[in-house]
Amino acid sequence: MSDILNYIVFFGLLTVAAWPLSRWVAAVFDGFGSRATRWFRPAEGLVYKVSSIDPDQDMDWKQWVGALMIFSVIKTVVVFLVLVFQDKLPFNPQNLPGVPWDLALNTAVSFITNTNWQNYGGEATMSYFSQMAALAVQNFLSAAAGIAVLAALIRGLVRKQTTGLGNFWVDLVRINLYVLLPLSLVYALFLVSQGVIQNLLPAVSVTGLTGPQTLPMGPVASQEAIKMLGTNGGGFFNANSAHPFENPTPFTNFVETFSVFLLPATFVFTFGRLAKDLRQAWAIYGVMVVLFTLFFVPGYLAETAAQPHAVAGVDWSAGNLEGKETRFGVGPSVLFDEVTTATSCGAVNSMLDSFTPLGGMFPLVLMQVGEVIFGGVGSGLYGMLAFILLTVFVGGLMVGRTPEYLGKKIEPYDMKVLVVAVMITPFVVLVGTAAASLWHWVPSTLNNHGPHGFTEIFYAFSSMGNNNGSAFAGLGGNTHFWNVVGAAAMFVGRFGVMIPILALAGNLAKKKTSVV
């Protein structure tokens, strides 16, 4: 009963919070002139001046693609260099060495694509400088890039007979300045108040009940906030959100779970406001809630069901507690992990490799539907809109009418780019899984063999191709193969979808709106 109440309260609070927040985000997307922004206007103008950005330039979709790709490549190079040379940079109290080139490449691509796949243990590999200046910064920038592409698609749907989709650089600045930074600041202060650490101290040696122990330190709360809000998922510690310094109490676990869905839900209502059709927003939101519930309930039942004959001598009366933190319990752990795989977050508070077969299947399937059930910040809604447009096109042909959405005719060119956007991720997942299954070194990286080992491979490419970042945790990913091939999968999985979406937005913006 408590888990049912927790679920109802979760979605009740989500709806109550997302509705008013969407009004603010819609104003940000729409180039508002609110008095509430007067404190930030000087900072916004300074960024434009220093960066030589013309805020009045209205970019077409090709200019958007150029700006997005140049920005992403530069970010990849910068993060790569920071990681490789972290031993020569400040804020490295543990004197950690530079990161090997293949792991640095994988990590750089991972964080600039909002995947946050981690083939490393955070506290044992990354200096504080690397965590702050490279990884945490990318948590903001990669999230903002996905949101900016969503803003461009919405403008493509609502604007008429124009080639302009707004300005990528302006969107990037405003999304960070007016949305991500303020929310993350408040969120980080809350986490600190609940016991999440935030310092630059070296690791502390203490004497525990079992003898000497080393407690890792670091600027955790600041990274944890944007990790969850931006659906990034990369943990400061190797144990991610199962670590008590990242997620100390049942209350913080609830808030962290809630924060993952907050912005994706907000963007649904933001779309409705900008399209001046809130019925569309409520319909999409309702579909997302229903679909998530249909995935969550059987996964929850699989993990909480008593299975007295599964393992001899193990008490299963409380459900499958293996691999789960007792301070959270089974129900909140299942909710957390399904929320983070329905989005592109990928954070974990329990061991997915220890889930029951059915319990582990649903996080996997949630990624494979394209992470559109709320989905990542920006990427979830533009993915859902892609499926909606495909459905409108097929449905229109079946009834013999010209397919339209929000008054815009959906034509063959739109379908061509939509098919690319929808099919690129399955292509990456299936080709990657096939290549890994045939590669003779891969079996040595698996914790399990046979069907479960195959699931570890399939889950890994589903996660990387969909820019999720979670893993079954039985996979030893820090090898040349996984680092290089994984980086390619994440890069194609991210930009192979973004570019067709921008092409679609550009084509839609040029069209007239039909008069009904």
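Just so you know, residue 1 is the first one in the sequence shown, and it goes up from there.
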ring-ring contact (aromatic ring centres under 6.0 Å, His included) filter on F190, not counting sequence neighbours, yields F251

Take K227 and E246, measure what side-chain contact (heavy atoms from CB on, under 4.5 Å) needs, and give me the verdict at the end.
CA-CA 11 Å; K227 159 195 162 184; E246 283 196 35; 2.7 Å; yes

Taking [atom1] in [X] as the centre, count heavy atoms belonging to other residues, nucleotides or ligands within less than 6.0 Å. Is the count above 12?
X    : atom1 : value
F91  : CZ    : no
F427 : CZ    : no
M423 : CE    : no

Would you please say whether a donor-acceptor pair under 3.5 Å links the side chains of [X] and [Y]?
X    : Y    : result
Q86  : N92  : no
Q194 : T252 : no
E224 : Y187 : no
N253 : N349 : yes

Is the [X] to [Y] ring centre distance short of 6.0 Å?
X    : Y    : result
W169 : W64  : no
Y405 : F393 : no
W482 : F461 : yes

Note, [X] side chain near [Y] side chain (heavy atom, < 4.5 Å):
X    : Y    : result
V260 : T231 : yes
S470 : M367 : yes
F168 : L68  : yes
M415 : L390 : yes
L274 : F269 : no
V377 : F267 : yes
I499 : K62  : no
F336 : T341 : no

Would you confirm whether [X], through its side chain, and [Y], through its main-chain N or O, come within 3.5 Å as a donor-acceptor pair?
X    : Y    : result
N238 : A124 : no
W24  : Y178 : yes
S463 : G469 : yes
S51  : Y48  : no
E371 : G376 : no
N240 : A347 : no

For L406, give me all partners under side-chain contact (heavy atoms from CB on, under 4.5 Å), at least two apart in sequence or on another chain.
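Residues passing side-chain contact (heavy atoms from CB on, under 4.5 Å) with L406: L157, F271, A275, D277, Q280.
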
Residues in side chain to side chain donor-acceptor pair (under 3.5 Å) with T257, at least two apart?
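Per chain and number, T257 pairs via side chain to side chain donor-acceptor pair (under 3.5 Å) with no residue.
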
Salt-bridge present (R155, D171; N to O < 4.0 Å):
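Looking at R155 and D171, the cut-off is met.
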
Short N-O contact, D58 and R159, less than 4.0 angstrom
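A salt bridge links D58 with R159.
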
side-chain contact (heavy atoms from CB on, under 4.5 Å) assessment of V392 paired with E404
CA-CA 7 Å; V392 166; E404 291 184 4; 5.7 Å; no

Tell me which pairs pass salt bridge (Lys or Arg N to Asp or Glu O under 4.0 Å) where either residue lies in residues 73-85, with sequence neighbours left out.
none

Quick one: salt bridge (Lys or Arg N to Asp or Glu O under 4.0 Å) pairs with a partner in residues 411-429, sequence neighbours left out?
E411-K511, D414-K511

For residues 96-117, which residue pairs qualify under side-chain hydrogen bond (donor to acceptor under 3.5 Å, both in side chains), counting only residues two or more places apart or in two chains?
D102-H480, D102-N483, T113-T115, N114-S142, N114-N232, N114-S344, T115-N467, N116-N139, W117-N119

Got a second to check how far F495's CZ is from L502's CG, nearest 0.5 Å?
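One finds 11.0 Å between CZ of F495 and CG of L502.
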
Between atom CD1 of I147 and atom CZ of F29, what is the distance when rounded to the nearest 0.5 Å?
6.5 Å

Might you point out which heavy atoms bring [X] and [Y] nearest each other, and give the distance in Å?
X    : Y    : answer
P403 : L397 : CG-N, 4.4 Å
Q198 : P219 : OE1-C, 3.3 Å
D337 : T340 : O-OG1, 3.2 Å

Taking it one step at a time, do Y459 and V429 satisfy side-chain contact (heavy atoms from CB on, under 4.5 Å)?
CA-CA 9 Å; Y459 192 103; V429 172; over 6 Å; no

Run the side-chain contact (heavy atoms from CB on, under 4.5 Å) check on V369 and F295 step by step: do they pass?
CA-CA 11 Å; V369 297; F295 281 102; 4.2 Å; yes

